[in-house]
Amino acid sequence: MCIRDSVNVMEVPDILDWVRPGELLVTTMYPLHDDAAAIEDLVPRLAEKGLAGLAVTPLGYIDDFPRCMLDAANRLGFPLIELPPKVSFIDIIQPLTSAILKLQANELLQSQRILHQFIELVLGGGSYSDIAYVIAQVVQCSVSIVDRFRRVLGNGFLIGHTQVQRKFIKAEGNDDSYLNDLYKPELVKVLPGSEAKCMRVVGPDGPIDHIVCPVTVSSMTLGEIILWGPLSYPLQFTDLIAIEHGSTVVALKMMEMRSTGEVEQRFRNEILEVLLSGQPNAGERATRLSHDLGSRLNPPFTVIVVKPDLPSGTLPTQAESTEQNNIDSSLHLAKRYIRHIEPEASFWHHGPRLVVFFPLQPNRLSGAKAFLVQELRKVCERIGAENDPYTVSMGISSLVSDLAKFRQAYECAEQSIEIGRAFQERYSSLVTHYEDLG
């Protein structure tokens, strides 16, 4: 029995409207002494409400505990306590309330200690892995922090403990890691008093229960904290506090990284604006700007435009306000899988579309068209399978050997999508090469 909240007294028959999880309920059974049906339902309904237990003075208004109450308590593991006949309620309530207050004061101190540890870590420039490690030390299990695109931002683990998360994480060539296709969790239960959920995933060695806590800001979900277990239920107070404070700190760091990413994206978009300007020195200036950002724009290349397959008649502005998260996920998947094909590709977000500078290596010049169409169709099919119904279509320009012709290549890629959709019977997951337009 764990009394986390308070002690309550049953003075009315409809006591369920007045109790809260974690309470110990004390009663003489007077409100129900002549209602056999209510007595039979009492223990199951209190257990369902999450009460800590029921303490009764049975000789006051009933001769003994009814067999139905004893059977229900044993079946549900619900504490049923018999008090001495002449004990006063104040003799029960006062010492228990004092003990509860001491427990809550101790929990508050633990919460402050954990929060202080997180604050010091963040102020010191700690990484996602550092945050995950602090949580792992408290909950005593491996921890992963992922963003809303299933990208693993950091891992924390304990030396000597089995790192079950390795079976569900795939490293990719650009130093990023993602949850792999094996990770298909199913809900087991929602943890009471928390946004965290107990999930189950089937791995190579059988089912694995774990806890997933969303990282949210307002109504926007930025990612998740995954506690890989094994964990015992119910969770300890310190475990819940570590998850709660960790989620807050991760949200702050994600918002910081998001702001930084938006600034970087504006600089990157300046390169695209220069390339689309058509100015005589556009190629030279774009090359210099991209070099400053650590990327290269080396011809020969082709331009790929990726556009979400919005329902007919839907304006991009409407989609941004209602379904932008799902559209962003599809564009992120496109960027991720195109980078698999060519790690040196450069990407820009241009309105509701993704623009790709796809350099072609010398060994791929022969048969480049067939290769690209085949590989990009695989990408579209994969996005459709993973984020249905938010599919994308792609247009591919002809091979270009001069950066000054980027604007022309971009327009050809745009036309490939629009004319390709007009020619095809289906609207979604299309890949059209400019040279196939006729």
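Quick caveat, the model's predicted, so the values are computed rather than measured. These values consider heavy atoms only, across backbone and side chains, with no hydrogens, waters or symmetry-generated copies.
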Legend entry - Separation of Q165 CD from I208 CD1 (nearest 0.5 Å): 10.0 Å
Inset, instruction - Go through the steps to decide whether V139 and I211 satisfy the test side-chain contact (heavy atoms from CB on, under 4.5 Å), and finish with yes or no. - result: CA-CA 11 Å; V139 300; I211 290 176; over 6 Å; no
Legend entry - Atom CE of M257 with >12 non-hydrogen neighbours under 6.0 angstrom: no
Inset, instruction - Could you pull out all residues at least two apart from K184 that satisfy salt bridge (charged side-chain N to carboxylate O under 4.0 Å, His left out)? - result: none
Legend entry - Results of ring pair (Phe, Tyr, Trp, His ring centres under 6.0 Å) for F371 - residues two or more places apart only: none
Legend entry - More than 12 heavy atoms from other groups under 6.0 Å of CD on Q140: yes
Legend entry - Counterpart residues, side-chain hydrogen bond (donor to acceptor under 3.5 Å, both in side chains), relative to R258 (two or more places apart): none
Inset, instruction - Name all residues meeting the side chain to side chain contact (heavy atoms under 4.5 Å, CB included) criterion together with R151; count only those two or more places apart in sequence or in a different chain, and write none if there are none. - result: D147, L153, D176, Y178, H332
Legend entry - Pairing residues for E273 by the side-chain hydrogen bond (donor to acceptor under 3.5 Å, both in side chains) criterion, not counting sequence neighbours: none
Legend entry - Within residues 347-357 or reaching into it, pairs that qualify as side-chain hydrogen bond (donor to acceptor under 3.5 Å, both in side chains) - sequence neighbours excluded: R353-E414
Legend entry - Partner set under ring pair (Phe, Tyr, Trp, His ring centres under 6.0 Å) for Y128, not counting sequence neighbours: none
Legend entry - Residues forming a salt bridge (charged side-chain N to carboxylate O under 4.0 Å, His left out) with E375, sequence neighbours excluded: K378
Inset, instruction - Taking side-chain hydrogen bond (donor to acceptor under 3.5 Å, both in side chains) as the test, write out the residues that go with Q137, two or more places apart. - result: Y133
Legend entry - Geometric class of the W228/F168 ring pair [parallel <30°, tilted 30-60°, perpendicular >60°]: parallel
Inset, instruction - Quick one: list whatever passes side-chain hydrogen bond (donor to acceptor under 3.5 Å, both in side chains) with S127, sequence neighbours left out. - result: D130
Inset, instruction - For atom CD of E386, decide whether the heavy atoms of other residues, nucleotides or ligands shown that lie under 6.0 angstrom number more than 12. - result: yes
Inset, instruction - Begin with the C-alpha distance, continue with both residues' side-chain angles, and end with the deciding distance and a verdict on side-chain contact (heavy atoms from CB on, under 4.5 Å) for K197 and V190. - result: CA-CA 4 Å; K197 301 175 182 177; V190 178; 4.2 Å; yes
Legend entry - Interatomic spacing from CG in L227 to CE in M199 - rounded to 0.5 Å: 13.5 Å
Inset, instruction - Could you list all the salt bridge (Lys or Arg N to Asp or Glu O under 4.0 Å) pairs where at least one residue sits in residues 332-352, not counting sequence neighbours? - result: E172-R336, R296-E344, E342-R364
Inset, instruction - Using a cut-off of 6.0 Å, state whether more than 12 heavy atoms not belonging to F157 lie near its atom CZ. - result: no
Inset, instruction - Scan I338, T432, V373 and name whichever one has a side chain to side chain contact (heavy atoms under 4.5 Å, CB included) with M394. - result: I338
Inset, instruction - Go through the structure and list residues passing ring pair (Phe, Tyr, Trp, His ring centres under 6.0 Å) with Y337, not counting sequence neighbours. - result: H340
